[in-house]
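Computed from heavy atoms alone, side chains included, the values below leave out hydrogens, waters and symmetry copies.
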Amino acid sequence: MKKIWFDVEDKNGNVTHMGFAIRNCCLFGWAGRNKDEIRKHAAELAEHGIRGPKSMPEHFLCSPNVVTQDDEITVVGDGTCGEIEFFFLEREGNIYIGVTSEHTDRSLEAVDMVKSKAICQKPMSTTVWKYEDVKDHWDDLELIAWQTKDGKEVVYQKEKLSALITLETLREEALKLYSNLEDCIIFSGTIPALNGLVYGEKFRGCLKDDVLGRSIGFEYSIKIVPADEN
């Protein structure tokens, strides 16, 4: 079990500090509403020798220990990168959402997709929102990610949540795996990169709510340990 704390911000700006005990971590992929966009993302990965989806969406299980709110992660080799997603947790009948990077080892992904996801930490926001506060304008929420490479930051991903399957659909898929989601953290799957995969030294992202005039985000640096080349 992993214990993680978040600031829960309601639509009026009130904040409550709340802890969540996580026993299960499930990462969804290939979770777009538009199948053409899924094929676009699959084509991006195929250029790097990475397989396409076995199902849509496809799920990947990993240890909750990959969840982190640190501002630096350590990876092996220079073939890893982040990808922005939302996540959700449940507690006492309420759903809470945040934003995260499903950082993945792309070099390993071509060999074993599950291991490639399980080996990297997943930095995430320290603040979450109540789903009930954004449910009525869910599709208008926007994911934005920036990647820094060689000291230059560029917009890496940018799309509204209307591009992904709904939280209700994601939740239905998760309930096929777990009878109770109160001790789970569920990742949504990502949106396409604007100009292909980039392997940078920093990654940041946000979930933007223009209706309520607010955003939540995260930022982290990537420390590289050289891979064994023998």
Any donor-acceptor pair under 3.5 Å linking the side-chain atoms of [Y] with those of [X]?
{"X": "W129", "Y": "E9", "answer": "yes"}
{"X": "D210", "Y": "H137", "answer": "no"}
{"X": "Q157", "Y": "T190", "answer": "yes"}
{"X": "T80", "Y": "Y199", "answer": "no"}
{"X": "E102", "Y": "T104", "answer": "yes"}
{"X": "Q69", "Y": "Y220", "answer": "no"}

For D209, is there an ion pair with R214 - N to carboxylate O distance below 4.0 angstrom?
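Looking at R214 and D209, the cut-off is met.
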side-chain contact (heavy atoms from CB on, under 4.5 Å) partner of H103, the single match among T68, I119, I222:
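Going through the options one by one, the only one that passes is I222.
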Apply the side-chain contact (heavy atoms from CB on, under 4.5 Å) test between L161 and each candidate in L167, L143, I191; give the one that qualifies.
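One option only clears the test, and that one is L143.
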Taking the ring of F87 and the ring of F6, is the distance between their centroids below 6.0 Å?
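Yes, the ring centres sit under 6.0 Å apart.
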Strictly under 6.0 Å, is that where the ring centroids of W5 and F20 end up?
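No; F20 has its ring centre 6.0 Å or more from that of W5.
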How about [atom1] on [X], more than 12 heavy atoms from neighbouring residues, nucleotides or ligands closer than 6.0 Å, or not?
{"X": "K223", "atom1": "NZ", "answer": "no"}
{"X": "R23", "atom1": "CZ", "answer": "no"}
{"X": "N195", "atom1": "CG", "answer": "no"}

Run the side-chain contact (heavy atoms from CB on, under 4.5 Å) check on N24 and Y178 step by step: do they pass?
CA-CA 9 Å; N24 300 293; Y178 308 107; 3.5 Å; yes
What residues form a side chain to side chain contact (heavy atoms under 4.5 Å, CB included) with A174, not counting sequence neighbours?
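Applying side chain to side chain contact (heavy atoms under 4.5 Å, CB included) to A174 gives F28, L181, I186.
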Could you list all the ring-ring contact (aromatic ring centres under 6.0 Å, His included) pairs where at least one residue sits in residues 57-82, not counting sequence neighbours?
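Qualifying pairs: none.
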What do the steps show when you test E168 against Y131 for side chain to side chain donor-acceptor pair (under 3.5 Å), and what is the final call?
CA-CA 11 Å; E168 285 82 3; Y131 177 56; 2.6 Å; yes
